[in-house]
Amino acid sequence: MKVFSHSAPLCMLAGMLVASPALGVQLVSNGPFITNPGAHASGEDVSLAQDVTYSGYTALGFNAGPDYRLADDFSVPPGHYWTITSTRLFAYQTGAGDAPFTDARVIIWQGQPDGFGSIKLFDGTVSNNLVSSTPGAYRTAQSFGATMFSDTARRIHTLETAVTPLLLGPGAYWIDWQVKGPTPTSAVFTPPVSILGQASTFLGGFPRLKCPSGITDPEDECFGPTGQWILFNNGTSSYVVDLPFELHGTDVIDAIFETGFETPPASP
């Protein structure tokens, strides 16, 4: 699910590509994960796994660290040039509550992650990109029964990360990430894009998971493919789901280039 938002007003001056002075507009929202706004007993939002409605739809979240990585794709539309300055990721660590996350590493690729000929346009693995960790919705499941709107074990945090300003021209790209929770050595999870009454929520390049080494459980989906990216479904079901993330920055509409009179700005 690729949802683009171009909320900053744009204008054109003679011979120039001009964006409004507003910074940090939302360029991409890859889909919602909140299914029941304000429905939690605390008054917070709920992200509900529909594991009763859909048989096998059992994944509350997908491993996002500390040893795993997640990835999903996005596209810059024709006639647009984006400068990415930050991302928002979403994750929880079971039992950690409001305690802040401690680390986030983001890579933005041209081409599939680690694919032949793919290029790292922004490599955030060399240092911690995390700017803030804000607790919000709770991740629960229909199978929790009476506690589906009161369970507090999985508090989803919004993780804002910084990106060195990165200019992207029209085309397809990928973002991949790895995060660490309040307890850096314990597992953390990103909830899938979740829409009530909708089993499959993906649209595009199939989100994927990078498997770490040392998986000894033969029932684990990463048993065997050490260091490889694998596709995944929601739990034991056949439903494919997207991963939520946001990209923020500035958007320039290349109105002059579309007329054929100007050369677009340099980009990957």
Would you find a donor on one side and an acceptor on the other, under 3.5 Å apart, between the side chain of D176 and the backbone of P113? no

For S133 and P100, indicate whether the former's side chain and the latter's backbone hold a donor-acceptor pair under 3.5 Å. no

Is there a donor-acceptor pair under 3.5 Å between the side chain of Q228 and the backbone N or O of C211? no

Within one Ile-Leu-Val-Met-Phe-Trp-Tyr cluster: I108 and F90, side-chain cutoff 4.5 Å: no

Can you name the residues that form a side-chain contact (heavy atoms from CB on, under 4.5 Å) with I119, not counting sequence neighbours? Q110, L121

side-chain hydrogen bond (donor to acceptor under 3.5 Å, both in side chains) partners of residues 88-102, not counting sequence neighbours, each pair once: D98-R155

Could you tell me if the side chain of P244 sits less than 4.5 Å from the side chain of T190, heavy atoms only? yes

Decide whether L60 and V46 are clustered together by the hydrophobic rule: side chain heavy atoms of Ile, Leu, Val, Met, Phe, Trp, Tyr closer than 4.5 Å, transitively. yes

If we ignore hydrogens and angles and just use 3.5 Å, is the side chain of T35 paired with the main-chain N or O of L48 as donor and acceptor? yes

Specify whether W82 and F74 have parallel, tilted or perpendicular ring planes, treating 30° as the upper limit for parallel and 60° as the lower limit for perpendicular. parallel

Do L231 and V240 have side chains that approach each other closer than 4.5 Å (heavy atoms only, starting at C-beta)? no

Would you compute the distance between atom OH of Y173 and atom CD of Q112 and round it to the nearest 0.5 angstrom? 15.0 Å

When rounded to the nearest 0.5 Å, the distance separating CG of L196 from CG of N36 is 5.0 Å

At what distance, to the nearest 0.5 angstrom, does CG of L209 lie from CG of L243? 9.0 Å

Looking at A104, is its backbone amide N or carbonyl O close enough to the side chain of N128 to form a donor-acceptor pair, meaning the two atoms are under 3.5 Å apart? yes

Here the pair of heavy atoms bringing V188 nearest to G181 is CG1-N, 3.5 Å

For D114, which of W174, W229, W109 qualifies under side chain to side chain donor-acceptor pair (under 3.5 Å)? W229

Taking Q26 for the side chain and V28 for the main chain, is one N or O donor matched with an acceptor at less than 3.5 Å? no

Are the side chain of T125 and the backbone of D123 linked by a donor-acceptor contact shorter than 3.5 Å? no

pair T161-W177: side-chain heavy atoms closer than 4.5 Å: no

Between C222 and the options D67, N63, I215, the side chain to side chain contact (heavy atoms under 4.5 Å, CB included) test singles out I215

If only atom types and distance count, is the side chain of T201 paired as donor or acceptor with the main-chain N or O of V193 below 3.5 Å? yes

As an exercise, state the distance from CG of L247 to CD1 of I84, rounded to the nearest 0.5 Å. 5.0 Å

If we only count heavy atoms from C-beta on, is the T87 to F245 side-chain gap below 4.5 Å? no

Quick check: closest heavy atoms across G61 and P192, and the distance to 0.1 Å? CA-CD, 4.3 Å

To the nearest 0.5 Å, what is the distance between CZ (R105) and CG (L130)? 10.0 Å

Partners of H40 by ring-ring contact (aromatic ring centres under 6.0 Å, His included), sequence neighbours excluded? Y138

I'd like to check I195 versus P32 (side-chain heavy atoms, cut-off strictly below 4.5 Å). Are they in contact? yes

Give me the atom names and distance for the closest heavy-atom approach of P66 to Q178. O-NE2, 3.0 Å

Any non-hydrogen side-chain atom of V163 less than 4.5 Å from a side-chain atom of T85? no

Return yes if some donor-acceptor pair links the side-chain N/O of D51 with the main-chain N/O of A141 below 3.5 Å, else return no. no

Kindly work out whether a path of hydrophobic side-chain contacts (I/L/V/M/F/W/Y, heavy atoms less than 4.5 Å apart) joins M148 to Y54. no

Is it possible for you to say whether F144 and F189 belong to one hydrophobic cluster, with membership spreading through side-chain heavy-atom contacts below 4.5 Å? yes

Do you reckon V131 sits in the same ILVMFWY cluster as L89, going by side-chain contacts under 4.5 Å, direct or chained? no

Restricting to non-hydrogen atoms, name the atom on A91 and the atom on L159 that form the minimum distance, rounded to 0.1 Å. CB-CD1, 4.2 Å

Short question: side chain of H157, backbone of G97 - any donor-acceptor pair under 3.5 Å? yes

With the side chain counted from C-beta on, respond yes when I156 and P191 share a heavy-atom pair under 4.5 Å apart, and no when they do not. yes

Any donor-acceptor N or O pair under 3.5 Å, side chains S47, R139: yes

Spatial distance of atom NE2 (H248) from atom OG (S86) [nearest 0.5 Å]: 5.5 Å

